[in-house]
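Throughout, a chain's letter reflects where its sequence line sits, starting with A, and its residues are numbered from 1.
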Amino acid sequence: MAAVSGVSRMSGLCFHAARQTAALKALRPMTRRSFRVTAAHQQQPFDSSLEKPQFPGASAEFVDHLEFIQPNVISGIPVYRVMDRQGNIINASEDPQLSKETVLNFYQKMTLLNTMDRILYESQRQGRISFYMTNYGEEGTHIGSAAALESNDLVFGQYREAGVLMYRGFPLDLFMAQCYANADDLGKGRQMPVHYGSKDLNFVTISSPLATQIPQAVGAAYALKRENMNRAVICYFGEGAASEGDAHAGFNFSATLECPLIFFCRNNGYAISTPTNEQYRGDGIAARGPGYGMLSIRVDGNDVFAVYNATKEARRRAVAENQPFLIEAMTYRIGHHSTSDDSSAYRSVDEVNYWDKQDHPISRLRHYMTARDWWSEDDERSWRKQSRKTVMEAFERAERRLKPNPELLFTDVYEEMTPSLDKQRESMFRHIQQYKEHYPVDLYEK
Amino acid sequence: MAAAARVFIRGAHATLSVPGAGKQSSARSALLKLSPGCSSRLKTQQRHAAHFTFQPEPVTTQYGPTQKMNLFQSITSALDNTLASDPTAVIFGEDVAFGGVFRCTVGLRDKYGKDRVFNTPLCEQGIVGFGIGAAVAGATAIAEIQFADYIFPAFDQIVNEAAKYRYRSGNLFDCGNLTIRAPWGCVGHGSLYHSQSPEAFFAHCPGIKIVIPRGPLEAKGLLLSCIADNNPCLFFEPKILYRAAVEQVPVDSYTIPLSQAEVLQEGSDVTLVAWGTQIHVLKEVANMAQEKLGVSCEVIDLRTILPWDTETICKSVVKTGRLLISHEAPVTGGFAAEISSTVQEECFLNLEAPIARVCGYDTPFPHIFEPFYIPDKWKCFEAIKRMINY
């Protein structure tokens, strides 16, 4: 939005009008991406003879009748989609017309994720891993958005975005290693399962506290903007996390500091057991964006092409114009919150079945593919068999691996080892040496 | 200017919105004349003199040419050096653009640009979260929290995120490039929310470093060390010293090592430990003890609260046999408790007397009762007497 800084120099124009003009001008291609650091808002000298508001805080017109603005929750922000629930393209001009190879890859990544989820969920039930969170029903949000990014765009996630990592090429062995906390885990066994991270794939390690990643993503985007290397940041979070103060902080900072990032909200209907009508009363998360001065959209999260299109355009403009975008992807959490949850306690099986059978991102994409003869029943059968086999093989390898050396309990607290931690480490090893029969030392690397 | 006159001036401002100094001063003197029993300095409104005398460091030439600077200027100097040498460095927080409420960032925005020295919205959790993210992405992020009293909204980001970033990611990611600065400690009239010393809350958090300087020369070197250090650092600046502490400070960059306490004066009978403003109180106490009691005190500035230099403190206590730790923060759970506990573990048989903690009371920091609340030189002196006579 280089046009805005030019326009803001014109005194007397209210900022809102300036933005609207700029929005039209923004379609002009940017030859040099502007480093748009807005100067102190150029205010016309205060002039009480004008019948226009002179307040520094807002520049709309006066109104002389008392009327409260109605929040619009009945017919709120519409949901953008490309395919109907049967996978048919509705408006041909919105079809991104991706190649067969790309679309098959989307499908295979979504189904591989689904297969890995089933196997790891089971493995927790069997006591092999301590905890797991599935992604059932939200595979479209992961793959559609991941595909629309560049590989060096930085990803900040919450905990239900494993498909993004999978799309980028994180191997099954490393997913398993993290869940098993074995010696191959890049995270050195320190966190609960599903807290993945990969520096090579530009996926910042997940942490349990919700929404903390949101202002962090903004800071990262600001730093990347200054680097001027055409990189964006995407920040995923759920509709529940969006209630946290950190979300408000992140939205506000991203707009005021003009950061190239995409806020991607997975609105899946539940925060553990809390349904959306107990999470917010406004028109979801997308409606909050304009309040912060942010371009916003709501999409059908189960439509991988809608997710792809919205993310692709948001990314292009975020980087070109140095401003944040808010995408609210509507979807449904088909699985339980985690292995510690039994969602039949708070929702009906019928409700879950509807989404599983009648509006699922994987089936919608399959219908799109079969309509083009890109995928047959045989392809489906053999792919299911193959993906299950590769997941099982990785699973068995991960099970056999030892856990990391207990020395790794003490490293990376600081960059360097401190004298006091060193003493504590020695004390622990002495203790284990003396009481070794009470500690599972054989499960760990020496 | 006496506090009494200031009170009356404030009153004048409230009732007369007069521009121009001339009219103000006649209004002022008119008000003063109204009240017959009133002198320009009422006993009840006498401003209590500062509880310490700032003792400047001797001039040093080891780091190159020096310039007279007060504490806030030495901070500006450190930030200036940083912005000059590190193109990724950015400074942000509330009101830093115009120079900051304590003038620590004056001139930097004009010199280095709006993209590098900028205001954020009023939101500490956002400031720290933003700083963490910038650091993770490779920038040298220097966040300012306007008063340490307001750091608590950022507690989750500091303790759950910044401190644990490297550990939880298996060293794939870290926010070592982050430094958080905040004005700290009593200021004479700060009351509950402009006087706090919150180091103890954070000392319980492995993964961050906490540093508190006693003057301008120390501040610049320690701040530059924090910025250079590859771990997230909290740097607390004693606000009462911003103007009051003036020293010759090197113009160029230099660092003072972290996690190293400094023995400021050697002694044989009692070890006195403190940090920040309280060092100047203890220096005076050491002189009082020598003159009035013939007691020789060893004064140690801890400087880094976390990770702290147990070796220097314990070595001193082994020598003297007596330890007094003093801080403004409330005594229960204050950092003196940690030092005391470690020293009695390591030096139990060397102790001649119980370890003394002369600290704030377990109350919020009071306004009008500040002279009674703070661990002043008389309280410290009395504690030494009791230790010697134990």
Among Ala137(B), Pro232(B), Ala97(B), Gly129(B), residue most engaged with chain A (heavy-atom pairs, under 4.5 Å): Gly129(B)
Atom OH of Tyr193(B): over 12 foreign heavy atoms under 6.0 Å: no
Engaged part of Asp156(B) at the chain A interface, taking heavy atoms whose separation is under 4.5 Å: side chain
More than 12 heavy atoms from other groups under 6.0 Å of NE2 on His431(A): yes
NZ on Lys164(B) to OG1 on Thr205(A), rounded to 0.5 Å: 15.0 Å
Worked verdict on Lys188(A) versus Asn171(B) for side chain to side chain contact (heavy atoms under 4.5 Å, CB included): CA-CA 9 Å; Lys188(A) 301 180 187 169; Asn171(B) 200 26; 3.9 Å; yes
Steps toward side chain to side chain contact (heavy atoms under 4.5 Å, CB included) verdict (Arg168(B), Ser207(A)): CA-CA 8 Å; Arg168(B) 74 189 186 199; Ser207(A) 73; 3.2 Å; yes
Heavy-atom contact with chain A under 4.5 Å, split by part of Asn231(B): side chain
Short N-O contact, Glu415(A) and Lys209(B), less than 4.0 angstrom: no
Closest non-hydrogen atom pair, Ala139(B) against Ala223(A): CB-CB, 3.8 Å
More than 12 heavy atoms from other groups under 6.0 Å of CZ on Phe152(B): yes
Which portion of Ser198(A) sits near chain B, non-hydrogen atoms under 4.5 angstrom: backbone
Proximity breakdown for Gln157(B) and chain A, heavy-atom pairs closer than 4.5 Å: side chain
For the student: nearest non-hydrogen atoms of Gly170(B) and Asp412(A), plus distance: C-OD2, 3.9 Å
Flag if over 12 foreign heavy atoms under 6.0 Å of NZ, Lys315(B): no
Residue Phe92(B) versus chain A: region with a heavy atom under 4.5 Å: neither
Considering all heavy atoms, the nearest Ile127(B)-Phe253(A) contact: N-CZ, 3.5 Å
Atom group of Thr411(A) that falls short of 4.5 Å from chain B, counting heavy atoms: backbone
Partners meeting side-chain hydrogen bond (donor to acceptor under 3.5 Å, both in side chains) with Lys403(A) (sequence neighbours left out): none
Neighbour count above 12 (heavy atom, 6.0 Å) for Arg425(A) CZ: yes
Flag if over 12 foreign heavy atoms under 6.0 Å of CD, Glu426(A): yes
Heavy-atom pair with the smallest gap, counting every atom of Pro87(B) and Arg226(A): O-NH1, 3.0 Å
Donor-acceptor under 3.5 Å (Tyr414(A) side chain, Ile208(B) main chain): yes
Tyr167(B) six-ring face occupied by Arg190(A) cation (under 6.0 Å, within 45°): yes
Contact origin within Val90(B) toward chain A - heavy atom pairs under 4.5 Å: side chain
Structural part of Pro153(B) lying under 4.5 Å from a heavy atom of chain A: neither
Largest heavy-atom contact set with chain A, pairs under 4.5 Å, which of Cys123(B), Pro121(B), Ser259(B): Pro121(B)
Phe251(A) versus chain B, the contacting section by heavy-atom distance below 4.5 Å: neither
Chain A contact via Ala163(B) - side chain, backbone, both or neither, heavy atoms under 4.5 Å: backbone
Side chain to side chain contact (heavy atoms under 4.5 Å, CB included) between Leu172(B) and Phe203(A), worked out: CA-CA 10 Å; Leu172(B) 293 179; Phe203(A) 189 97; over 6 Å; no
Contact leader toward chain A among Asn160(B), Thr120(B), Val136(B), Asp229(B), where contacts are heavy-atom pairs under 4.5 Å: Thr120(B)
Residue Leu408(A) versus chain B: region with a heavy atom under 4.5 Å: backbone
Phe156(A) versus chain B, the contacting section by heavy-atom distance below 4.5 Å: side chain
Among the listed options Gly197(A), Ser420(A), Gly250(A), Gly245(A), the residue most often paired with chain B at heavy-atom distances under 4.5 Å: Gly245(A)
Chain B interface, residue from Gly219(A), Ala249(A), Pro404(A), Ala217(A) that has the most non-hydrogen pairs under 4.5 Å: Gly219(A)
Which atoms of Thr418(A) approach chain B - backbone, side chain, both or neither, heavy atom under 4.5 Å: side chain
Val204(A) and Tyr165(B), any side-chain heavy atoms less than 4.5 Å apart: yes
Atom of Tyr222(A), atom of Asp115(B) and distance for their closest heavy-atom approach: OH-O, 2.6 Å
Audit row: Phe173(B), Lys199(A), side chain to side chain contact (heavy atoms under 4.5 Å, CB included) steps and yes/no: CA-CA 7 Å; Phe173(B) 298 95; Lys199(A) 190 166 177 67; 4.3 Å; yes
